[in-house]
Amino acid sequence: MTPVTLNAYKLLHNGSLALARMEANGLRVNTSYLNRAIEGVSAKIKQLEEKLRADPVWMEWRKVHGDRSKLGSREQLGKVLFDHMKIPSPGFTEKSEEEGAKQRYRTDEVAFERIDLPFVRRWVKVEHLKKALSTNLIGLYREVVDGFVHPSFCLHTVQTYRSSCREPNVQNQQIRNPTVAKIVRRCYIPRDGHVLVEIDYKALEFKISACFWKDPEMVKYASDDTLDIHRDLAAMIFKCRKVQVSKRMRYLGKNGFVFPHLYGSYWGKISPAIWGEVEKLELDDGTTLQTHMTSKGIGDEDSFARHVEDVEKKFDSRFHIFANSRDKWYDEYRKVGGFPFLTGFWAQGLYSKNQVLNTPIQGPAFHCLLWSLIQIQKEIDQRKMEAKLVAEIHDSILADVPIKEIGDYVSLCKEVMMERVRKHWPWIITPLDIEVEVADRNWHNKKVWPS
DNA sequence: CACTGGAGCCAC
DNA sequence: AAACGTGGCTCCAGTG
């Protein structure tokens, strides 16, 4: 892949300079909290592991694996549960299917979910804590210098010309699991007299998808504040009214259906995961989602799969330009051996069909953020502001801003991210919108900033 | 002992 | 026919 236009070259050049400034700034870390968190979580893990070792399942484990027994070994646990305790197997991993490959049981969370044993429940809990401890807490500790951490942001590693981040990766700090998110994100704090301001583009990838496919119905959807594609698809999938869609249901609409479908997955692959969640969810009136679905004539996994297939058809007939353009786009790639980006790059070489559908959206979506980041850094310098950009997470910018500059910083970002970038790239034919969050104490306690 | 691949989990 | 994309990071198992 190559930046084939001057603008594309400049974007990477100036982008690297802006990211370098960000790296130099660094994020402030609450080191005394970090130390306490490491101690606290370690103690909790130790305590839970003692309980695990007192459990009959551990006796069985010892019988099977003897002195080689390792509490952290998924493979060993799989053998204990599915071979020796005769618990129904969740099947084997994908690689196991390959010629001559070793047969390994699936040992992910879903595989363990339906096993109602205290040992297994506790084991999964310990794994969550271990992940937070080793990756997020100790991984951070290792990189802190004088109370600051300076992650490396790269523009040269990602196939789609997105960015990546390492040592530590602050682009994958936990946020979904509330308990763990709190432990992890409290490490990151603003400088004295500052707050952390995080500004993200709302539904950026869906909007860029609309711009890319030039589907009028998609553009309409992406341009109307009162419409919400993820919520509306959740309502269709769960056969309920839009107002009944909870946060979790919307999440499933977005990550369980809309994105997978936009990037080439299909009902047979995505419906089982959503169905698995139906059992756990309730509607606002207290009825379980499962009961609700049954009352709508969808009582099992198979009928749900057919229903999702139907939703897919409705999605494609509603956004028919999107649905019908995809094959043409892919055929053109196969003829030419490459494809252009809206941002002036050219992708050349072997790509799978789904990569050909995803890359021209994922890349340019990030480029909107990168272009904005460059401009915002430039303005901060010119205006001699004290605000410091400290991180970027694909569609959001994290800054460490003096309290007295919050107003100026937010209006600067609004102007750049919503107005100027559209003047720079006229192919952006939907409005762009942002959400502002401010954290006065740490990255975890961020609150939506009314605007 | 260094290294690699598999499996899994975190984010967008 | 096949079947969502991009990363970083960790632990374990196995190899030389």
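Every chain is numbered from 1 and lettered A, B, ... according to where its sequence line falls, protein lines coming before strand lines. Because only heavy atoms are used, hydrogens play no part in the values below, and waters and symmetry mates are left out as well, while side chains stay in.
One can place CG of L370(A) at 19 Å from P of dT6(C), the figure rounded to the nearest angstrom. The CG atom of L137(A) sits 12 Å away from the P atom of dT10(C) (whole-angstrom rounding). Whole-Å rounding puts the K70(A) NZ to dG14(C) P distance at 10 Å. The NZ-P distance, from K131(A) to dG8(C), rounds to 13 Å in whole Å. Spacing between atom NE2 of H261(A) and atom P of dA2(C) amounts to 20 Å, rounded to whole angstrom units. Spacing between atom CD1 of I270(A) and atom C1' of dG5(C) amounts to 14 Å, rounded to whole angstrom units. Distance N354(A) CG to dT6(C) P: 9 Å, rounded to the nearest Å. Summarising the geometry, the separation between CG on L155(A) and P on dT6(C) is reported as 17 Å, rounded to the nearest angstrom.
Remark: ring of Y266(A) overlaps the six-membered base ring of dA3(C) in a stacked fashion, centroids less than 5.5 Å apart, planes less than 30° apart.
Once you apply a 4.0 Å limit to the heavy atoms of chain A, the touched nucleotides of DNA chain B run 5' to 3' over dG6(B) to dC12(B).
No more than 12 heavy atoms of other residues, nucleotides or ligands sit less than 6.0 Å from atom NZ of K220(A). Heavy atoms from other residues, nucleotides or ligands lying under 6.0 Å from CZ of R441(A) number 12 at most.
Residue contacts shown for R142(A) are limited to sugar-phosphate atoms, with no base heavy atom under 4.0 Å away. At a threshold of 4.0 angstrom between heavy atoms, the contacts of S352(A) with the nucleic acid are absent. At a threshold of 4.0 angstrom between heavy atoms, the contacts of E109(A) are confined to the sugar-phosphate backbone, with no base atom among them. Backbone-only contact: Q76(A) has heavy atoms under 4.0 Å from sugar-phosphate atoms and none from a base.
Here the shortest heavy-atom pairing between S96(A) and R104(A) reads OG-N, 3.0 Å.
One cannot find a donor-acceptor pair under 3.5 Å joining the base of dG5(C) and the side-chain atoms of Q355(A).
Checked by atom type and distance alone, the side chain of Q173(A) pairs as donor or acceptor with a backbone atom of N169(A) at under 3.5 Å. Between the side chain of H230(A) and the main chain of R250(A), no donor-acceptor pair closer than 3.5 Å is present. E198(A) places no side-chain N or O within 3.5 Å of a backbone atom of K446(A) that could act as its donor or acceptor partner.
Between R74(A) and dT10(C) there is no side-chain polar atom (N or O) within less than 4.0 angstrom of OP1 or OP2. Dashed line: the shortest gap from a side-chain N or O of K130(A) to OP1 or OP2 of dT10(C) is not under 4.0 Å. Distances shorter than 4.0 Å separate none of the side-chain N or O atoms of K353(A) from OP1 or OP2 on dA1(C).
Classified by interplanar angle (parallel below 30°, tilted 30° to 60°, perpendicular above 60°), the ring pair F341(A)/F339(A) is parallel. W425(A) and W371(A) have tilted rings, their planes meeting at an angle from 30° to 60° on a 0 to 90° scale. By the 30° and 60° cut-offs, the orientation of the rings of F345(A) relative to Y161(A) is tilted. Between Y263(A) and F259(A), the ring-plane angle classifies as parallel under the 30° and 60° cut-offs.
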Problem set entry | side-chain hydrogen bond (donor to acceptor under 3.5 Å, both in side chains) between H261(A) and D316(A), worked out | CA-CA 10 Å; H261(A) 183 57; D316(A) 283 354; 2.8 Å; yes
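The stretch residues 77-85 of chain A has no heavy atom under 4.0 angstrom from DNA chain C at all. Of the residues in residues 162-179 of chain A, those lying under 4.0 Å from DNA chain C by heavy-atom distance are R162(A), S164(A), C165(A), R166(A), E167(A), N169(A), N172(A).
Less than 6.0 angstrom separates the ring centroid of F112(A) from the ring centroid of W123(A). Separation of the F315(A) and W267(A) ring centroids does not fall under the 6.0 Å cut-off.
Distance from the side chain of V158(A) is smallest for dT6(C) among the nucleotides dT6(C), dC12(C), dG8(C). Set against dA13(C), dG5(C), dG8(C), the side chain of S73(A) has dA13(C) as its closest nucleotide.
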